[in-house]
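Scroll down for the structure; my scribbles are underneath it.
Per chain, numbering begins at 1; letters A, B, ... match sequence-line order. The analysis underlying the following values was restricted to heavy atoms, covering all of them including side chains, and did not include hydrogens, waters or symmetry mates.
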Amino acid sequence: MDKYDFNGIEKKWQKYWEENKTFHAEIDKSKPKFYALVEFPYPSGQGLHAGHPRPYTAMDIIARKRRMQGYNVLFPMGWDAFGLPTENFAIKNKIHPKKVTEDNVRKFTEQCKSFGWSFDWEREIDTTDPNYYKWTQWLFLQFFKRGLAYKKEMAVNWCMECKVVLANEEVVNGTCERCNGEVVRKVKSQWMLKITEFAQELIDGLEDVDYPDRIVYSQINWIGKSTGAEVDFKTNAGETLRVYTTRPDTLFGSTYMVIAPEHSYVEKWASQLKNIDEIREYAAKAARKSDFERSEIAKEKSGVKLDGVSAINPTTSKEIPIFVSDYVLTGYGTGAIMAVPGHDQRDWEFAKKFDLPIIEVVVGHDAHGVPSDITKEAFVLDTDEGTMVNSGFLDGLGVPEAKAKISQWLAENKLGEKKTNYKLRDWVFSRQRYWGEPIPVVWCDSCNKWVAVPESELPLMLPEVENYMPTDTGESPLSTLESFINTTCPDCGAPAKRETDTMPQWAGSSWYYLRYADPHNDKEFVSNEALEYWLPVDWYNGGMEHTTLHLLYSRFWHKFLFGIDKVNTPEPYLKRTAHGMILGEDGEKMSKSRGNTVDPNILVADTGADSVRLYEMFIGDFEKTATWNTQGIKGCKRFLDRVWALSEMLKDGDEYSEKLAGSLHRTIKKVGEDIEELKFNTAIAAMMAFVNEVYSAGEINRAELKTLLVLLSPFAPHLASEMFEAFGFGLVHEQEWADFDPELCTFDEVEIVLQVNGKIKDRITVESGADKNTLLAAAKANEAISGAISGKEIVKEIVVTDKLVNIVVK
RNA sequence: GCCGCUGUGGUGGAAUCGGCAGACACAAGGGACUUAAAAUCCCUCGCUGGCAACAGCGUAACGGUUCAAGUCCGUUCAGCGGCACCA
């Protein structure tokens, strides 16, 4: 059999597409638009790895199909090029990060083009390009001007290895997400973005978009909304101590209180505390620990009782002790809790250890019907079913009623109020590194405040420096560059100093989908016209690892921009899907150190881009993790060779032949539907099955081949384009997507399973759509059936049209 | 610990609403072609027994619902991902 010259064909068509700008999109109001987006890559020195082609090919298939369905498709690509690896590589090899980025981008571009993805290269963007980061800076200033970017002294996560501040989201098990280096706590002044202001909107918006449940859950969990109340407890030190609780109904059961070791009252009360030294020592110990260590040793509760200050439970008027303990966090709620050991497992453990009273105030049973027993463990409600006891005026009420009544009582007595809390923290937005967008603000001593760099002076260029090594003091490399730092105040003209921190890598990727709509605009970050036509993104596919952070951050920016009328939709992405990771052949995550990485470009050189594209889609369920197997590509290559060789059995014909029409219509239906559901693997299987059928038939006509090539073209565009042209059908990307007739998808004859008592006895072939009586009669006429039921009593007869007959006998 | 997901041949994986388990591939075995090999084409391919027709078993384990369960329900086990003292 003739094999096709994939090398020549692929180069030919890539050149054609590039020269003709085939996939370049312009606003065209006569056509419906479709904006397909993939996560733009970080151009690392290693080039593309086996994981990249999976999502890109998937969206390419969808984009190509949409074009054939008459949509004006925007399918852009760019580079998320700021970031630590480039900077570290630059330091190690003494090459400027700009040069490193340029080299890497060149390599990535070339590799992307060799896969034949139908990106609009006219819209390529690069987050490190001043023409791009000008607008990232401009966007930061919009936050700043509205008080949503602010500077704050805070304990931050400091990576000892990278010498950089990390967002909470970037700390994994107490180590740096990127380098696995140790992370410690350090107090620094940091730029923050007020994402918390949008917490509720970020939850509500999820109802208007089409995201898979697992992504919705992860967003909601990350935001972590809870409702409850804040309650004031009087203390004998004078101050009232305010706590946050989700269970105000259990107030009668609160037998002690706990404040975080960092709580400001510790020092406020210092003179009244007889054991202040012991408390300070405990607090110092807690502060030294990273969050990770703190939770590591937290299996055993620890704490110190305040000797000299106590509180009064407002419901029982009983005096209760106050403790410091690191199981109470300073950053959540008020940094103080009322402990209800009967109904909170952490409080219960603490009470056991310090021998504190445990009072039962709710009785009920758990989801399995086991009655509550607070001598064994705290009774925490997993349903709303519980009855109040030992709770004065709440006795006998159900929990929801008790919550309402106590809230009212607290309000009437001015002891507290309802309160909603979120786990979400504001976003730490500064990094003490070189390779990022400079934050465009200056500190003016005479104004005594941070002043925005005027928008007319943007971009604030990242200066060329000799040495971009991070400093051990935790200051940015820019901090040593006098010519950069020293400036004048835009407000008053007095000498002022520039901010030397840069933005995190998330900044550029938080709005890139907007820039793609209008990438060369030097007046605005995006024009209204482009926004109105292209936005929102219709379908955004990316990795599961970006479904909390990147997705949340970019939704936050978008909601902010919507609020100030800079974008026209409340959500940026209508539909989001996530692909599974590709593991190495050993079933482990691909990594250089394991030596199990796969270079897709070598495979492209060996078997052609179309084969690799096909294999990446055939490997398994797109949304699940898949294990790489280089052997598997062979099957896909073989299939394409078989398609190529169909020319040897080609016959004339303008209409589908009787022999193949049915299965071709079914294949059209299956491939079309499967693409929409991301079931690329079964779509390919369907095309393989059709080709196998053609081989059995020994012939295919021109009309049939043409349709097959249309179906195959999004998957293997080079081969399909070449054959399409060779047989005089024209340009496949200008073809309309194939239609099917639902009536022709059905079979004339179907095989019916004959069962007795659910056991298969025989199979018969009957006309499709035969009615139940006919089927039953045919079944009873069957020898195997009549033999099995003779002399027995028929209890039940089940007939499923086109499927089976089951006769139940006794 | 909590939340989410997954468990099917030697392997990757298929299987709308519960209705023939194993589509489509890889690997393996056999045959044709060839001086030979590769490639290609054709056949076999869940397990057990049988020359065979065929019979029995089989979707992590156990139990349940049903005429019928990979699919629904319960319990358990294993693996993966996320969160992890959030009051």
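With sequence neighbours excluded, no residue forms a side-chain hydrogen bond (donor to acceptor under 3.5 Å, both in side chains) with A:S647. Applying the salt bridge (Lys or Arg N to Asp or Glu O under 4.0 Å) rule to A:K669 yields the partners A:E673; only residues at least two apart in sequence or on another chain are considered.
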Next on the checklist: Once pairs are restricted to Watson-Crick or G-U wobble with both distances under 3.5 Å, how does RNA chain B read as a dot-bracket string, [ ] for crossings and | for other-strand pairs?
Outcome noted: (((((((..(((......[....))).(((((.......))))).((((....))))..(((((..]....))))))))))))....
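Between A:I752 and A:Y244, it is A:I752 whose nearest contact on RNA chain B lies nearer the 5' terminus.
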For residues 802-809 of chain A, dump all side-chain donor-acceptor pairs below 3.5 Å to protein atoms at least two apart in sequence or in another chain.
| unit_1 | atom_1 | unit_2 | atom_2 | d |
| --- | --- | --- | --- | --- |
| A:D802 | OD1 | A:G769 | N | 2.9 |
| A:N806 | OD1 | A:N757 | N | 3.4 |
| A:N806 | OD1 | A:G758 | N | 3.0 |

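In this entry the base of B:G13 is anti relative to its sugar, with a glycosidic angle more than 90° from 0.
Judged by distance alone with a 3.5 Å cut-off, no donor-acceptor contact links the side chain of A:K803 to the base of B:C20.
A salt bridge between A:E377 and A:K352 is absent, with no side-chain N of the basic residue lying under 4.0 Å from a carboxylate O of the acidic one.
Closest to the side chain of A:K634, out of B:A87, B:C26, B:G12, is B:C26. Comparing B:C24, B:G4, B:A14 by their nearest atom to the side chain of A:Y217 picks out B:G4. The side chain of A:N681 lies closest to B:G13 when the candidates are B:G13, B:C24, B:C26.
In this structure, A:D621 reaches the sugar-phosphate backbone alone: every heavy-atom distance under 4.0 Å involves primed, P, OP1 or OP2 atoms, never a base. A:T627 comes within 4.0 angstrom of nothing in the nucleic acid, heavy atoms only. The residue A:S226 sits close only to the backbone: its heavy atoms come under 4.0 Å of sugar-phosphate atoms, none of a base. Backbone-only contact: A:T246 has heavy atoms under 4.0 Å from sugar-phosphate atoms and none from a base. A:F618 comes within contact range of at least one nucleobase, with a heavy-atom separation under 4.0 Å.
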Checklist entry - How does protein reach along nucleotides 64-71 of chain B, written 5' to 3' as B (base within reach of a heavy atom under 4.0 Å), S (only sugar-phosphate), or - (no contact)? => result ---B----
Could you go over nucleotides 28-33 of chain B and give all protein N or O partners under 3.5 Å, atom names and distances?
none

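Cation-pi geometry between A:R242 and A:F233 is not satisfied (NZ or CZ under 6.0 Å from the ring centre, within 45° of the ring normal).
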